[in-house]
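Reckoned from all heavy atoms, side chains included, excluding hydrogens, waters and symmetry mates.
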Amino acid sequence: MANRSQRMLLFTGAYAEEDQSGVCIYEFNEDSGELKLLDEVSGIKNPTFLNVDADNRRLYAIGEMAEQGGKAGEVVSFEIDPAAGKLIERNRVRSVSSSTCHIQRDESSKYLIVSSYHGGLVGLLSIDEEGLAGELLDEKKHSDLVPVREAQQARAHSAFYSPDGKYVFVQDLGLDKILSYTINPDTNELSFHGETQLEEGVGPRHLAFHPSGVYAYVINELNSSVTVLRYIQDEGRLAVLETISTLPVDFDGESYCAEIVVSEDGKTVYGSNRGHDSIVVFSVHEDTGYLSPVQYISTEGGHPRHFTLMPGGKFMVVANRDGNNLVLFNVDPEDGKLAFTGYTVSQSKPVCVKPAVFQL
């Protein structure tokens, strides 16, 4: 039975207009694997990515705001009441000078980092003493930092910290590069550290580190592949090892990758295919970090934009944007393969799923 002094919640973000529910909270039943809707929040345009700070009971959602005939990013901070399963909006601040697609937080909950696909930039925001998003501290444009060919356009898609917390790796889909930064705590600025060049046309989107801290995996949206990298800690850089397709060899349709996740035990890597509408399951070779595909399974809905392994690793929840549903899978503890449970929840255009366990 589940521990009654704890509560596992699932937070979802979606494409939504301001008058529609964009952020939802579900209670996750660890025994049955079912989801129960507890709360839903409107008033934010396209809260498509979330970050949850369970320890401090805070949730941060990105959003869009109109600015001088264009779009700017905003961050909305919520207080989480896990016992009631409710969100209380605490503040909202403008982030960067273009709409954003991703938000990240450091382990000490001092900074937020937002990525802008359309602006090709990253922004650094403070988190104040109350745990609320604060002022924009720094904004970096990738086209000011690295060469951009005429046919290219910078498209920053996500930012992830290295396992040691020293570096931030930003995936730029348009430049086929991973840019690395450090954060200067004295000036509260992003300092460009270096870049990793990937194959032309792959389109890096999201990144996940192996729990060993030795390897990283970036999912490439445009050519449906995963690139395996070695993290060289003393230099703060990533070295390319191999690139492997996320699609079965007999598939010849159109498909684009989205999310990548590494299992808690480090034995399995998962990626989502939009078009093939599947999750690919890779086994990890322990001695090299290389990948071998072991399963391609339907997501039971169109356009699996995001997915997550629930804490404990027994279940996976997939958000199908065009299927308008959340779909639950069992995870085999031996080989990491997935099995559809038959259980789905209807939700309009879900594109982000973030679980968290709260002490009550």
Side-chain angles (χ1 to χ4, degrees), residues 2 7-17 20-42 46-50 52 59 61 85-87 206 219 246-248 251 253-261 263-264 268-281 294-333 335-357:
R7 196 176 201 189
M8 190 182 296
L9 300 178
L10 181 72
F11 301 85
T12 66
Y15 278 107
E17 297 299 322
Q20 298 173 321
S21 295
V23 179
C24 295
I25 305 181
Y26 295 87
E27 180 179 35
F28 184 74
N29 186 312
E30 298 175 71
D31 298 321
S32 67
E34 295 184 343
L35 294 165
K36 177 184 178 182
L37 181 63
L38 301 177
D39 195 17
E40 47 192 330
V41 176
S42 60
N46 292 335
T48 55
F49 215 85
L50 312 173
V52 182
L59 179 140
K86 297 290 184 182
L87 287 174
H206 282 187
I219 195 155
T246 63
L247 296 168
F251 179 75
E254 190 174 279
S255 192
Y256 303 94
C257 287
E259 174 66 335
I260 188 163
V261 169
S263 63
E264 293 177 4
T268 312
V269 170
Y270 303 89
S272 66
N273 294 303
R274 299 171 293 173
H276 189 248
D277 294 337
S278 65
I279 300 292
V280 57
V281 183
V294 295
Q295 186 187 28
Y296 307 91
I297 184 170
S298 169
T299 56
E300 306 296 328
H303 201 97
R305 172 75 173 256
H306 201 246
F307 65 90
T308 185
L309 287 171
M310 299 302 291
K314 292 168 56 179
F315 297 98
M316 176 184 286
V317 177
V318 178
N320 290 306
R321 187 198 69 183
D322 294 352
N324 296 302
N325 61 4
L326 306 174
V327 181
L328 190 76
F329 294 86
N330 288 122
V331 180
D332 190 304
D335 57 17
K337 290 182 179 179
L338 304 175
F340 176 43
T341 64
Y343 184 76
T344 65
V345 173
S346 296
Q347 185 183 323
S348 177
K349 299 179 182 177
V351 291
C352 183
V353 279
K354 288 286 185 176
V357 176

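Counting all heavy atoms, side chain and backbone alike, Val357 lies closest to Met8 at CG2-CE, 3.9 Å. What you find for Gly22 and Ala16 is that their closest heavy atoms are CA-CB, 3.8 Å. Taking every heavy atom of both residues into account, Pro47 and Ala61 meet most closely at CB-CB, 4.4 Å. Residues Ala258 and Arg274 come closest through the heavy atom pair CB-NE, 3.5 Å. In terms of heavy atoms, Ala356 sits closest to Val52 at CB-CG1, 3.8 Å. Here the shortest heavy-atom pairing between Leu326 and Pro350 reads CD2-CB, 3.8 Å.
Residue Leu38 holds its CG atom at 9.0 Å from CZ of Phe11, rounded to the nearest 0.5 Å. Annotation: the span from Thr246 atom OG1 to Phe251 atom CZ amounts to 9.5 Å, rounded to 0.5 Å. If you take CG on Leu328 and OG1 on Thr341, they are separated by 4.0 Å, rounding to the nearest 0.5 Å.
No donor-acceptor pair closer than 3.5 Å links the side chain of Asn46 to the backbone N or O of Thr48. Using modelled atom types, one side-chain atom of Asp277 and one backbone atom of Gly275 make a donor-acceptor pair closer than 3.5 Å. With hydrogens and angles ignored, the 3.5 Å screen pairs a side-chain donor or acceptor of Ser272 with a backbone N or O of Pro304. Between the side chain of Tyr26 and the main chain of Glu34, no donor-acceptor pair closer than 3.5 Å is present. Side-chain atoms of Asp39 come within 3.5 Å of backbone atoms of Leu87 as a donor-acceptor pair (strictly under, hydrogens ignored).
With contacts defined as side-chain heavy-atom distances shorter than 4.5 Å, the pair Tyr270/Ile219 does not qualify. Residues His276 and Pro248 form a side-chain contact, since some pair of their non-hydrogen atoms from C-beta on lies under 4.5 Å apart. Using a 4.5 Å cut-off on side-chain heavy atoms (C-beta onward), Glu300 and Val327 make contact. At a threshold of 4.5 Å between non-hydrogen side-chain atoms, the residues Val353 and Leu50 do not count as touching. For the pair Leu338/Gln295, a side-chain contact is recorded, criterion being any heavy-atom separation below 4.5 Å from C-beta on. In this structure the side chain of Lys354 reaches within 4.5 angstrom of the side chain of Phe49, judged on heavy atoms. With contacts defined as side-chain heavy-atom distances shorter than 4.5 Å, the pair Cys24/Glu40 qualifies.
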Inset, instruction - Would you check, one step at a time, whether the test side-chain contact (heavy atoms from CB on, under 4.5 Å) holds for Val261 with Val269? - result: CA-CA 6 Å; Val261 169; Val269 170; over 6 Å; no
Inset, instruction - Apply side chain to side chain donor-acceptor pair (under 3.5 Å) to the pair Ser255 and Asn273, showing each step before the final yes or no. - result: CA-CA 6 Å; Ser255 192; Asn273 294 303; 4.5 Å; no
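Using cut-offs of 30° and 60° on the angle between ring planes, the pair Phe329 and Phe340 is tilted.
In this model, a donor atom of one side chain and an acceptor atom of the other lie less than 3.5 Å apart for Thr12 and Gln347.
Ionic pairing of Arg305 and Glu259 is not present here: no N-O contact between side-chain nitrogen and carboxylate oxygen is shorter than 4.0 angstrom.
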For residues 307-321, which side-chain donor-acceptor pairs fall under 3.5 Å, sequence neighbours excluded?
from: Asn320; atom 1: OD1; to: Thr299; atom 2: OG1; distance (Å): 3.1
from: Asn320; atom 1: ND2; to: Thr299; atom 2: O; distance (Å): 2.9
from: Asn320; atom 1: ND2; to: Asn325; atom 2: OD1; distance (Å): 3.0

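Checked options Leu37, Asn324, Leu35; the residue passing with Val345 is Leu35 (criterion: side-chain contact (heavy atoms from CB on, under 4.5 Å)).
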